[in-house]
2 protein chains.
Amino acid sequence: MGRRNLHTREQQRDMAIAAAELILVREGIDELSMRKVAQAIGYTVGNLYLLFQNQDDLLAALNERTADAIYLQLRDRIEALDDPRERLGAMARGYIEFATGNPNRWRLLFEHQLPEEMKPRPTADARIRRLFELVETTLGALEPKLKADALRMRATTFWGGIHGICSLAVSGKLSWGGRSSDYTLYCEEMISTFFGPPKSRRRS
Amino acid sequence: MGRRNLHTREQQRDMAIAAAELILVREGIDELSMRKVAQAIGYTVGNLYLLFQNQDDLLAALNERTADAIYLQLRDRIEALDDPRERLGAMARGYIEFATGNPNRWRLLFEHQLPEEMKPRPTADARIRRLFELVETTLGALEPKLKADALRMRATTFWGGIHGICSLAVSGKLSWGGRSSDYTLYCEEMISTFFGPPKSRRRS
DNA sequence: GGGCGGAACTGATCGGCGTCCATTTACGGG
DNA sequence: CCCGTAAATGGACGCCGATCAGTTCCGCCC
C-alpha cells in the first residue's frame with residue numbers, strides 16, 4: 001500500500017495516543033510497545049515514527065493526557081465546595097483515588113524518566129504546573145497570611161506528602177508499615193497534620 | 001570452555017550483584033542488561049541464569065542491597081543523637097540525601113515494579129520493614145502517648161510524606177512548584193509540620 | 001483527461017534485549 | 001588413567017526500538 005489519506009496526521013496521532021493509553025491501562029507499562037500501538041491503529045511501525053520522534057515522544061504525549069485527566073478530576077471535585085479546607089481534602093482524596101484507580105497511567109507520568117535530550121517539553125511541564133497551582137491557590141485561600149515564598153513552600157511540601165502516599169500506595173509498599181490498605185486514611189492524617197482537625201466533626 | 005571452578009556460586013552471585021550495581025549507578029536503569037552484567041564479571045549470559053531465576057530476580061537482590069545501605073546510613077546518622085525529634089530529622093535528611101545522591105538505586109528500589117509472580121520475597125520485604133520500624137520506634141519515643149495503631153498510622157503518614165519529597169526530588173519534579181532545588185528545605189518543613197518547630201532555634 | 005511530482009505509507013533490516021538449552025569442557029573420585 | 005557429572009558455553013528464538021529505500025497513489029497542472 002502507498003498513500004491512503006484515511007486520516008490526517010493529527011488524527012493518527014490522537015488514535016495512536018488513545019491506543020497506547022488503552023494498552024497501558026489494560027496490559028501495563030512493559031507491554032506497551034510501538035509495534036502493538038501500530039497494529040492497534042492499523043498502521044505500520046514505520047509510520048508511527050512519522051507521527052512521533054520516538055517512543056518517549058509518544059509516552060510524553062500520553063502523559064500530557066494523564067496530567068489533564070488528573071487536573072480535570074480535581075477541578076470537578078472542588079467546584080461545588082467553598083471551604084478551602086474541604087477543597088484541599090477533596091483534592092488530596094481525588095489525587096489518591098486517581099493514582100490507585102489508574103496506577104499504570106500514574107506511574108508512567110511520575111515514575112518513568114524520559115531521557116535527557118527530551119527535557120524541554122514546555123507543554124507537558126505546564127500541565128503539571130497548572131495542577132500544582134490549583135493546590136497553591138486553594139492553600140492561599142486557607143492561609144491568606146502566608147507570603148508568596150512561604151505559600152509555595154507549604155503547598156509543595158503538602159502536595160509532596162500526598163504524592164508520597166500515592167507513590168507508596170501505587171507500588172504496594174504502604175502495607176510494609178502495617179496492614180491497612182485504605183489509603184484515604186493516610187490522606188486524612190496528612191491533611192489533619194497540615195491543617196488541623198476538620199471543622200465539622202461528624203459523630204462517631 | 002567448560003568447568004572452571006574459579007568462583008563458587010555464591011561468589012558469582014555477589015560479583016554479579018556488585019557489577020549490576022556499578023552499571024546501575026554509572027549508566028542508569030535502561031543500560032542495565034543481563035549481557036552487560038555477564039560481560040562485567042567475565043561469564044556468559046547463560047551462566048547468569050544458573051545464579052538468578054531471571055533479570056527481576058537479580059534486580060530484587062540488588063534492591064536488597066540498596067535497602068540495607070539506606071538502613072545503615074540512617075542508623076549511622078542517629079546513633080550519636082539522643083533526642084527523638086533530632087533523630088527523626090536526621091533520618092529524614094539522611095533518606096533524602098540518599099535518594100538524591102543515589103537516584104538510580106533509589107528509583108530501582110521504589111519505582112521499578114516487579115512482576116506479580118515474584119511477589120513473595122520475604123527477605124526483601126523484611127529489609128524495608130526493618131527500615132520502617134526504625135522510624136516507628138523513634139516516633140514512639142517522641143510521642144509515647146500514642147497507641148500502637150495510631151503510632152503506626154502516624155509513622156506511615158510521616159514517612160510517606162518524606163518519601164514523596166524524595167520521589168519528586170529524584171524525578172526532578174519538585175521544581176514544578178517553584179525554583180528551589182534544596183530538597184532539605186521541604187524536608188524541614190515536613191518535620192516542623194508534623195512535630196512542631198525545632199527545640200533549639202539557632203539564631204538567624 | 002492524462003501524466004507526473006511528491007506526499008503517504010510500507011516492510012525489510014539492523015543491533016540489542018531476555019531467556020532457554022543442547023553441547024562442550026575439565027575436575028575429582030574410583 | 002578414565003569417566004561421570006558438575007560447570008559453563010554459545011547459539012538460537014522471538015521480541016523490541018529505530019531506520020530508510022522503495023512502493024503506491026493523490027491531486028495538481030497542462
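Everything numeric here is computed off the predicted structure, so don't read it as measured data. Reminder, nothing fancy here: chain letters follow the sequence lines and each chain counts from 1.
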Hey, is the side chain of A:Arg9 poking within less than 4.0 Å of OP1 or OP2 on C:dC9, counting only N and O atoms?
yes
Phosphate contact (D:dA18 OP1 or OP2) by A:Tyr49 side-chain N/O below 4.0 Å
yes
Starting from P on D:dC16, measure out to CG on A:Leu48 and report it in whole angstrom.
13 Å
Within the pair A:Tyr43 and C:dT10, is there a side-chain N or O less than 4.0 Å away from OP1 or OP2?
no
Phosphate oxygens OP1/OP2 of C:dC9: is one of them under 4.0 Å from a side-chain N or O of A:Gln12?
yes
Rounded to whole Å, how long is the line connecting atom NE2 of A:His7 with atom P of D:dC26?
15 Å
Over how many whole Å does the gap from A:Met34 atom CE to C:dC14 atom P extend?
21 Å
Checking ring-ring contact (aromatic ring centres under 6.0 Å, His included) for the pair B:Trp106/B:His163: CA distance, chi angles, key distance, verdict?
CA-CA 11 Å; B:Trp106 195 87; B:His163 180 84; 5.0 Å; yes
Spacing between B:Lys36 atom NZ and C:dC17 atom P, to the nearest angstrom
7 Å
Using whole Å, what does the distance between atom P of nucleotide D:dC25 and atom CG of A:Leu6 come to?
12 Å
Under a 4.0 Å N-O cut-off, is there an ion pair linking A:Arg93 with A:Glu188?
yes
For atom CD of A:Glu31 and atom P of D:dG14, their distance in whole Å
17 Å
What is the distance, to the nearest angstrom, from the CD atom on B:Gln39 to the C1' atom on C:dG16?
13 Å
Of B:Asn47 and B:Gln55, whose nearest nucleotide on DNA chain C comes first from the 5' end?
B:Gln55
Atom CG of B:Asp30 to atom P of D:dC16: distance rounded to whole Å?
17 Å
4.5 Å side-chain heavy-atom contact, B:Arg85 and B:Ile191
yes
Distance under 6.0 Å and angle within 45° of the ring axis: does A:Arg154 meet both against A:Phe194?
no
Of all the choices, D:dT9, C:dC17, C:dT10, which nucleotide is nearest to the side chain of B:Thr44 once you look at every atom?
D:dT9
Is B:Arg127 positioned over the aromatic face of B:Tyr71, cation under 6.0 angstrom from the ring centre and no more than 45 degrees off axis?
no
For B:Arg35 and for B:Asn5, find the nucleotide of DNA chain D with the closest heavy atom, then tell me which residue's nucleotide is more 5'.
B:Asn5
Has B:Ser33 got a side-chain N or O lying under 4.0 Å from the OP1 or OP2 atom of C:dC17?
yes
